Amino acid sequence: MSKNDTILEFFVSVLILVLLLCGGIVFKYIQCHAKAEKQGMECSWGPIQGCMVKMQDGTWMDYNRLRYME
């Protein structure tokens, strides 16, 4: 195996890793907005904060902690 083949394999591996990470980020962003939209809520998503929804009193809450009691 030549040096050029090794470098090419490295770059292909890095490219695949970057595509997987970016795909996961895009998927989480779309998932957050789809769930909030179905419930008629405003949302914000970020890689560190996760999915946050805006409550009626103007505060933000983690979507995973959101519970409705009727």
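Values below: all heavy atoms of this structure, side chains included; hydrogens, waters and symmetry mates excluded. Note that the structure is predicted; figures quoted are calculated from it, not measured. Throughout, residue positions are numbered sequentially from 1 according to the sequence presented.
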Practice task
Return yes when atom CD of Glu37 has more than 12 non-hydrogen atoms of other residues, nucleotides or ligands closer than 6.0 Å, and no otherwise.
Solution key: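 Not buried by this count: 12 neighbours or fewer within 6.0 Å.
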Handout entry: Test applied, side chain to side chain contact (heavy atoms under 4.5 Å, CB included); reference residue, Lys3; option that passes from Thr6, Asp5, Ile7
Key =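 With Lys3 as partner, side chain to side chain contact (heavy atoms under 4.5 Å, CB included) holds for just one option, Ile7.
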[X] side, atom [atom1]; [Y] side, atom [atom2] - distance, nearest 0.5 Å:
{"X": "Ile30", "Y": "Ile25", "atom1": "CD1", "atom2": "CD1", "value": "12.0 Å"}
{"X": "Lys38", "Y": "His33", "atom1": "NZ", "atom2": "NE2", "value": "15.0 Å"}
{"X": "Ile16", "Y": "Leu21", "atom1": "CD1", "atom2": "CG", "value": "12.0 Å"}
{"X": "Lys35", "Y": "Leu66", "atom1": "NZ", "atom2": "CG", "value": "11.0 Å"}

Handout entry: Same cluster (ILVMFWY, side-chain, under 4.5 Å), Val26 and Tyr29
Key =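 Linked, Val26 and Tyr29 end up in one cluster.
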Listing, residues 43-57 side-chain donor-acceptor contacts under 3.5 Å, not counting sequence neighbours, or none:
from  : atom 1 : to    : atom 2 : distance (Å)
Ser44 : OG     : Gln49 : NE2    : 2.9
Gln49 : NE2    : Ser44 : O      : 3.4
Asp57 : OD1    : Thr59 : N      : 3.2
Asp57 : OD1    : Thr59 : OG1    : 2.7

Practice task
With sequence neighbours left out, write down each residue that passes side-chain hydrogen bond (donor to acceptor under 3.5 Å, both in side chains) with Gln39, or none if nothing qualifies.
Solution key: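 Result, side-chain hydrogen bond (donor to acceptor under 3.5 Å, both in side chains) vs Gln39: Tyr63.
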Practice task
State, with a plain yes or no, whether a side-chain heavy atom of Val14 is found less than 4.5 Å away from one of Phe10.
Solution key: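 Val14 reaches Phe10 side chain to side chain.
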